[in-house]
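Heavy atoms only: backbone and side chains are in, while hydrogens, waters and symmetry mates are out.
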Amino acid sequence: RVDFFDAIGDAGAVIEAGARLGPNNMVWSNATVCHDCTIGSHNFIAAGATLGGHVTVGDRTLRLDDVGDPDGVPVLYLHGTPDSRLSRHPDDGLAATVGVRLLALDRPGYGGSDPLPPGTGEGWPAVAAADTAAVLDALGIERCGVLAWSGGALAGMAVAALAPERVSALVVVAGLVPRQAYDDPDVRAAGAARLDTIELADSLPPGTLGEAIAPLVAPYPCDRALA
């Protein structure tokens, strides 16, 4: 346990699993804090530091940041599309201030998380629920709130529907509707700004949309260390 003001990680230090950081620490770039460490209040986390770690689900790995108040109310954050766990507010101290332990998860195929298992297809909702259960089990958390932003809305609803015993509340912010909903003329009219991307996805072979639109929405080629 580190309870004094100190500089950590400027040489790529690793804060080992199970460690607990007290308040008033500085975690510099290139530091890694494992996912089952806890972070106290009033810590300064420099850009480039890695908070959290990885959770293994079968032969897949999910990337997770566990930030905010370690003793706070757990809330799982499901990011939008295309995005990652880093799309949350840059000051994780805000979560701590309101008593929230924020679990920011890279959804499958984003950031540092492996894609869905081959052949998942329409079975993805069950995988989303199983992934969430695995993350909560790894952290020793029975139930959490779920905050789903934009494209994370469908995953959030899938988790709440298929694993209700693990979800205390679901909040959807600016949620996207399923792709099939755009067959409804009213939905197409309301979501006209997104039609170009949807039509592009329909015209490309499976698995190629990300490469096609990446230069439009992020630095390219992708810096996986940054992601």
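Salt bridge status for D202 with R179: present, with a side-chain N to carboxylate O gap under 4.0 Å. The residues D131 and R107 are annotated as not salt-bridged, no charged nitrogen and carboxylate oxygen being separated by less than 4.0 angstrom. In this structure, R188 pairs ionically with E199, as a charged nitrogen and a carboxylate oxygen lie closer than 4.0 Å. The pair D83-R88 fails the salt-bridge criterion, with no side-chain N (NZ, NE, NH1 or NH2) lying under 4.0 Å from an Asp/Glu carboxylate O. Taking 4.0 Å as the cut-off between side-chain N and carboxylate O, D71 and R101 do not count as a salt-bridged pair.
Annotation: the span from L102 atom CG to C144 atom SG amounts to 10.5 Å, rounded to 0.5 Å. Rounded to the nearest 0.5 angstrom, L78 CG and L76 CG are separated by 4.5 Å. To the nearest 0.5 Å, the span separating CG on L103 from CD1 on I141 amounts to 4.5 Å. Within the model, atoms CG of L170 and CE of M157 stand 7.5 Å from one another, a figure rounded to the nearest 0.5 Å. Atoms CG and CG, from D196 and L200 in turn, are 8.5 Å apart once rounded to the nearest 0.5 Å. Between the OG atom of S113 and the NE2 atom of H54 there is a distance of 7.5 Å, given to the nearest 0.5 Å.
Between the side chain of S84 and the main chain of Y110, no donor-acceptor pair closer than 3.5 Å is present. Under the 3.5 Å distance criterion, the side-chain polar atoms of R166 are left unmatched by any main-chain donor or acceptor of R143.
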Residues D106, R85; criterion salt bridge (charged side-chain N to carboxylate O under 4.0 Å, His left out); working and verdict: CA-CA 5 Å; D106 279 340; R85 69 192 187 283; 2.7 Å; yes
